[in-house]
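Worksheet: the structure to be examined is printed underneath.
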Amino acid sequence: MATPDEIFQRAVAAHQAGALDDAEQGYRQLLGAVPAHPGCLTNLGSIVARRGETAEAERLYLASLAAAPDQLDAHFNLANLYRRTGRVADAVKHYEHAYR
């Protein structure tokens with residue numbers, strides 16, 4: 001049986017290769033075992049944001065930040081999501097955190 005780290009690494013490799021369905025499946029599998037895995041939450045958020053599922057992406061980014069408040073990727077991705085959806089003040093807050 002694969003370890004959580006192996007599952008994450010396979011999902012990241014699929015994500016980087018553009019195999020988003022495979023990446024999503026891996027991230028969701030890992031979240032079943034480790035629900036607060038910050039990198040997994042952030043990466044899955046980027047996949048669902050790309051599909052236009054902004055509420056789900058926001059939920060995933062916020063869960064990632066709850067697990068690891070200083071995770072730069074989550075702040076930056078969430079800021080981009082807020083910017084694209086017209087929530088400029090919220091975006092600025094997260095951009096500032098990402099660039100500290």
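Residues: numbered from 1 along the sequence shown.
With sequence neighbours excluded, the residues that form a side chain to side chain contact (heavy atoms under 4.5 Å, CB included) with A63 are L41. With sequence neighbours excluded, the residues forming a side chain to side chain donor-acceptor pair (under 3.5 Å) with H75 are H94, H97, listed by chain and number. Listed by chain and number, the residues in a side chain to side chain contact (heavy atoms under 4.5 Å, CB included) with A49 are A57, Y61, L81, R84 (sequence neighbours excluded). Residues passing the side chain to side chain donor-acceptor pair (under 3.5 Å) test with D73: none are found, sequence neighbours excluded. In this structure, A13 has no side chain to side chain contact (heavy atoms under 4.5 Å, CB included) partners at least two apart in sequence or on a different chain. The side chain to side chain donor-acceptor pair (under 3.5 Å) check on N43 picks up Y27, with sequence neighbours excluded. Residues meeting the salt bridge (charged side-chain N to carboxylate O under 4.0 Å, His left out) test with R87, sequence neighbours left out: E58, D90. By the side chain to side chain contact (heavy atoms under 4.5 Å, CB included) test, P4 pairs with L30, V34, sequence neighbours left out.
The salt bridge (Lys or Arg N to Asp or Glu O under 4.0 Å) contacts involving residues 59-70 comprise E56-R59, where partners must be two or more places apart or lie in separate chains. A salt bridge (Lys or Arg N to Asp or Glu O under 4.0 Å) check over residues 23-46, counting only residues at least two apart or in different chains, returns the pairs E24-R28, E24-R51. Sorted by first and then second residue, the salt bridge (Lys or Arg N to Asp or Glu O under 4.0 Å) pairs involving residues 1-21 (not counting sequence neighbours) form an empty list.
Annotation for V92: hydrophobic cluster partners, listed by chain and number, are V88 (ILVMFWY side-chain heavy atoms under 4.5 Å, direct or chained).
At distances below 3.5 Å, at least one donor-acceptor pair connects side-chain atoms of T85 with backbone N or O atoms of Y82.
The shortest heavy-atom contact between A98 and L72 is O-CD2, 3.5 Å.
Between Y95 and F76, the angle of the ring planes goes over 60°, which puts this pair in the perpendicular group of the 30/60° scheme.
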